[in-house]
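Chain letters run A, B, ... following the sequence lines, proteins first and then strands; every chain starts at 1.
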Amino acid sequence: EVKTDFKVCWSIYAGWMPWGYLQDSGIMKKWADKYGINVEVVQLNDYIESINQYTAGEFDGCAMTNMDALSIPAAGGVDTSVLIAGDYSNGNDGLILKEGGDLASVKGQNVNLVELSVSHYFLARALETVGLSEKDITVVNTSDADMVSVYGTPEITAVATWNPMLSEILANQKGELVFDSSKIPGEIIDAMMINTETLKDNPALGKALVGAWFETLSLMASDTPEAMAALESMAAASGTDLAGYKAQLAATALFHTPEKLLEFTTDPKLKQTMKFVAEFLYDHGILGEGAPSPEFVGVEFPDGSVYGDKNNVKLRFDNSFVEMAAKGAL
Amino acid sequence: MSRQPKLSVHDLFKEYDGAPVLERVNIDVTEGAFCTIVGASGCGKSTFLRMLLSQEQPSRGEILLDGAPLPEEPTPDRGIVFQRYSVFPHLTVWQNLILAKEFEQAPLTGRLFGSARKKARDEIGDLLERIGLTPATDRYPAQLSGGMQQRLAIAQALVKRPKILLLDEPFGALDPGIRLDMHELLLGLWRELSMTIFMVTHDINEAFKLGTRLLVFDKVRHDPQAPEAYGATITYDLPVDKTARQKKELAETLLHDRPDSA
Amino acid sequence: MSRQPKLSVHDLFKEYDGAPVLERVNIDVTEGAFCTIVGASGCGKSTFLRMLLSQEQPSRGEILLDGAPLPEEPTPDRGIVFQRYSVFPHLTVWQNLILAKEFEQAPLTGRLFGSARKKARDEIGDLLERIGLTPATDRYPAQLSGGMQQRLAIAQALVKRPKILLLDEPFGALDPGIRLDMHELLLGLWRELSMTIFMVTHDINEAFKLGTRLLVFDKVRHDPQAPEAYGATITYDLPVDKTARQKKELAETLLHDRPDSA
Amino acid sequence: MKLINRKPSRRLTIFLGLLPFAALLATYLIASDMRLAVNPSDKLLPSFQTMADTMSRMAFEPDKRNGDYLLWTDTAASLYRLFAGLAISAVLALVIGLAMGVLPVARAFFAQFTAAFSLIPPITVLPILFITLGLGEAAKIGLIIVGTTPAMIRTLAQSALDIPRELVIKAETLGASSWQITTRLYLPHILPNLVVALRLGLVPAWIFLISAEAIASTEGLGYRIFLVRRYMAMDLILPYVAWITLLAFVLDRLLLILSKRAFSWNHLEGDSL
Amino acid sequence: MKLINRKPSRRLTIFLGLLPFAALLATYLIASDMRLAVNPSDKLLPSFQTMADTMSRMAFEPDKRNGDYLLWTDTAASLYRLFAGLAISAVLALVIGLAMGVLPVARAFFAQFTAAFSLIPPITVLPILFITLGLGEAAKIGLIIVGTTPAMIRTLAQSALDIPRELVIKAETLGASSWQITTRLYLPHILPNLVVALRLGLVPAWIFLISAEAIASTEGLGYRIFLVRRYMAMDLILPYVAWITLLAFVLDRLLLILSKRAFSWNHLEGDSL
Ligand SMILES: Nc1ncnc2c1ncn2[C@@H]1O[C@H](COP(=O)(O)OP(=O)(O)OP(=O)(O)O)[C@@H](O)[C@H]1O
Ligand SMILES: Nc1ncnc2c1ncn2[C@@H]1O[C@H](COP(=O)(O)OP(=O)(O)OP(=O)(O)O)[C@@H](O)[C@H]1O
Ligand SMILES: [Mg+2]
Ligand SMILES: [Mg+2]
């Protein structure tokens, strides 16, 4: 269906703060006007709610991780395209043991984390690296917003969480980071997802979003007063100060140029990552009880290859718009 | 009695939780009768009035009003003064009194405004004076004495000029002086409107003075082992005659000059 | 009157929201007196009793009990029957009656159990019979008729055998027969315990029959423009003498045989 | 007959009572069908078949991870917390509410504070609660207590103040001490209101329980709902919500019946909802 | 004098009323000092100095992002939502509660449904609510309405049922129609209870408002608290909570005063909390 008014949503996370800035600063409007459409970039505070709203059809696009995209909209039958795989977590997720030690010493402990989130996936991957499995620990579901405050209680010995909670805990409380996502780089991808059908019918939306995104990122990368002002504003919006926000960005591998992004999404390692993710989701029953195998939902890669069921492709890495940006064709 | 009775009660039974309170009550009352009801406390007088009002339904038997079954709900043609006199606690004295008029004249809002309201208030001035509540016009019921509340309840029922008036010990909390005034008021309206009145009273004097007919409620059957086994009925139904009246007046004279003579 | 008065009231004033209700009330009452109080409705009789009970405080003046200022709160030596008779709605008839005993015998739980409870219940059997509530022993007040509730309230106050008993129109809702029984009951206890009684009544008959002293409350000053400007006081204070009693008895005889003669 | 006196027959009452439920179900069915027609694996409004399947799995098939029958372990865990929390709340509210209603000194002491305290939204001070009570059952029960007690205290204190002054005076003249007046007059009068307060407190209690279970937990109805919210499994969430509602409804009715049994004097006049 | 009759003097009342607040403050001070002594950058219980600094920044320094004075814009946004939600709730509750209390037919229709509906914890069905109402102001106000109305309806309906039957009958004999009985007898009797219900509804209203703001919002007191919760910025959370409590407290007192003014007949006997 061709239309002119679009809404995409995002929630607060270091790698997504540019979405807020490009809406506030008018960059988005500039690009939308260029293609004769209206795009509203809406901030939601609750990450899961934002995905749910997108899945239910309230938004045309939403910022989420590769894992959640597979488990919620894609598994829910909403054909979704990865428009901008903006960054991957490069230390933004971590496992902290209060008493320190090495990763293997987590065995037998309770680990507090947001169950079934990327933290859970991250933990599973971390355990694999030392030959442990989830059976060797006990997972306690804990809300992300309260992770920092409950860490102070004596019951908690280990947490797996992400920034800003991660740095908040490390900065102020006893504990040692024993594993972080920089050791599994590129596996936790934070992307802007768009409804495939909407994107197909309205390429202008993809063009406007990609154009606005890279303009903002190049602004951030520049060493100008405007860049500082933009970063200040993003810091304020995420509830911290400039230093705090920069620290978060340091653990976020943002792709500042279309080229870098393309490099990442065309890397064959991506297929491997998505396989891991699908298997993890299947093991935890998140793909739906009707899912006969991890390959139940098909994932299409930029080269046209598909992981999983070719007849049920619901998640697509779509590089066409970023390629336009790389060619300066926007 | 060739005229159709205003109200007739046929073979009325009433029980609460299986315990009979009234049984086999039969009576025909012509229009304009003033029936005073006496009887032992707890024998079912108030219950009888509640049924005449349609507040409660008989367990058996029927009540006919003008030959037709009594409506199943209270209607404006039957006024009531409850034994535990109740007036509207959220309205002041005069607001309580103009309420009936408001209901009548303002079907939609149920409320009069401006000059209509002022007029209604002026119209009850005389009534207020007669029931002695002029100084308390603007008070809420909670700020009145027991007797004042009772007078207000009576006046409120009279304002509506009902065809049938049910009074449950209306003058119990009034001193003799005010009681006489209220008698006057009631009798005046009764004659004027040819109301049919049922009045429960414990004052035999009053029953004779006011009534044209005296109904005595009592149990006819009594089981000493199970005092609750039987209900009460109308045991005497006396037209109040001249001689009785004269006797009463004699009694009254005697009683009346006593306080001063003492 | 060489004895110290049981109760003396000096120069008592009471006003509500600036409007005087009682003014300059002075009275000395000896132990064992039976004061009946009459007066126009709304003149302040109930207010007077409420002050004797310490439910309300006088605006000015003082009340002495046995020469000492009245305690500031109700105490068990002063019993009360309110005008709007109130009993405890959550207790059945017999539970209402044994309550005073429970308070006395079980300071901690306020409740009797087992045989003590049974004994208390047996002890009130006679009283229940005399007030005619035996058949209603196990009912809640909401299931009683008005007169039955009133009798219960009276009995409840009597059970405690207070030194001073305050009765606000206690017999208003009772039929003459039961009223006579209650008179007996009250007079018996009064003589036996030499209680001091204050009783408000509107029945002048009753006032003369029961009282040893009759107090009339009335306004002495009256401003027709502002009827609320002045309060009432005791205008007559009459010892009830023989002749008056005889007159009353005559009147009573006359009244009494009327229902049967008719 | 006037509308206010027109009582529907028993049958009509039942029919009318079921109508809005039927309407709700019908609305759901239509909306769900519409969405499923567009996207057969829509997650927002699953079909009744899907929900029934999911629930029967939760109820009758052991969990892969720990072999539990999840619906029942969740229910047991939540109900235990709910009952413990409400029981403690009830006792606290009764004691403090009674004290406030009966004793002017206690009222002076507590009135302003409970008024203010009852207005703190407890979910905003969760961290303090967790640090004070730890992360175990205590905190979850604690949140229910903190969340429901203040309102219950106020309700009970007000209902004690509403007892007619005449009755208190009457009790005094019958020789009752302050303590006896409290136990034999105030207490029986406010117990029915305690039941009312408990019934009204059921909803906030569930809400706080669910919030607490969402924060740190390994079982419980609220835990499960928040967990599967992660992948928008409305086929589990909706039946769970219905189940919670049903449990609460049964509790509510049981409390009403309890009240009618235990405080029959209080139900002699008028209707109860 | 018996304890129940011992009324503290005005001064003592004020003193006693302040005591628990003082005790709370003192406890906080000691606990905060102890924690800060161990770890000077402890975030859980910041010193009053820190909190005052933070608040004065929120109140008097423009925000870096958009130049707003955040405390005031947050307060305005939240209060607007709160008032809008409560106002609509009040109207709905009045209409439905009155209908349920007055008309047996309406009671048959609504009673079971509102009883069940009032027991649904609204936070569990948030996704559906957001999808139905969108994510704008409507949803936030809607959550307040969904959260507070059912309980208010029940309270009002019950208070209508509690009106003595005698008064209704009296009105009928005075010639009142159903409508007139509703407006002139039931309405004035339940309006004071509406105020009570509103006062009791303040806390749930705040809670739902905060929950809604936590999910989708860019300003508001709940949004701010939620935003900084991940950083455990108690130096902002605690004063914000105190501020919310103060606002609610002022509203509560205003409603009480309103009730005493507008429904003086209802306050002639007994105390109010
Ligand atoms: N709470 C109150 N506020 C204001 N005025 C009051 C209050 N209580 C009583 N009054 C007024 O005080 C006066 C005396 O009342 P009280 O009840 O003592 O009269 P009473 O002599 O007992 O009358 P009755 O015989 O009718 O019972 C009345 O005019 C009444 O309006
Ligand atoms: N709701 C009820 N439930 C059970 N019994 C009741 C109920 N209402 C009245 N009764 C019983 O019915 C009988 C008659 O009561 P009613 O009020 O009609 O008496 P009454 O003749 O008016 O007495 P009184 O002169 O004392 O007012 C009493 O025995 C009373 O206990
Ligand atoms: Mg009666
Ligand atoms: Mg009086």
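The number of heavy atoms from other shown groups lying within 6.0 Å of OH (E:Tyr80) does not exceed 12. E:Phe21 CZ: more than 12 foreign heavy atoms inside a 6.0 Å radius.
Only the side chain of B:Leu99 comes within contact range of chain E, with heavy atoms under 4.5 Å apart. Looking at B:Thr92, neither its backbone nor its side chain comes within 4.5 Å of chain E, counting heavy atoms on both sides. Looking at B:Pro162, there are no atoms closer than 4.5 Å to chain E (heavy atoms on both sides), in backbone or side chain.
Of all residues spanning residues 53-75 of chain B, those with a heavy atom less than 4.5 Å away from chain E's heavy atoms are B:Leu53, B:Gln55, B:Glu73, B:Pro74, B:Thr75, arranged by number. Using a 4.5 Å cut-off between non-hydrogen atoms, the part of residues 111-122 of chain B that approaches chain E consists of B:Arg111. The stretch residues 97-115 of chain E places none of its residues near chain B, where near means some heavy atom under 4.5 Å from a heavy atom of that chain. Within residues 38-48 of chain B, no residue has any heavy atom under 4.5 Å from a heavy atom of chain E.
Ranked by heavy-atom pairs under 4.5 Å with chain E, the first of B:Val159, B:Asp77, B:Leu108, B:Thr109 is B:Leu108. Ranked by heavy-atom pairs under 4.5 Å with chain E, the list B:Gln156, B:Gln143, B:Glu104, B:Arg50 is led by B:Gln156.
Shown here for B:Lys160 and E:Thr173, the closest heavy-atom pair between the two residues is CG-O, 3.7 Å. When all heavy atoms of E:Trp265 and B:Pro89 are compared, the closest pair comes out as CB-O, 3.6 Å. Residues E:Gly175 and B:Pro76 share a closest heavy-atom pair of CA-CB, 3.5 Å. Nearest heavy atom pair, residue E:Glu166 against residue B:Ser86, reads CB-OG, 3.8 Å. The two atoms that bring E:Leu167 and B:Phe88 nearest to each other are O-CE2, 3.5 Å, heavy atoms only.
Between the CZ atom of E:Arg165 and the CZ atom of B:Phe82 there is a distance of 9.0 Å, given to the nearest 0.5 Å. For the atom pair OH of B:Tyr140 and CG of E:Asn266, the computed distance is 10.5 Å after rounding to the nearest 0.5 Å. The line from CG of E:Leu174 to CD1 of B:Ile98 is 12.0 Å long, rounded to the nearest 0.5 Å.
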* Show your reasoning for whether side chain to side chain contact (heavy atoms under 4.5 Å, CB included) applies to E:Arg184 and B:Leu91. => CA-CA 10 Å; E:Arg184 299 260 5 225; B:Leu91 300 176; 3.7 Å; yes

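Formation of a donor-acceptor pair under 3.5 Å by the E:Gln180 side chain with backbone atoms of B:Ala106 is found in this model.
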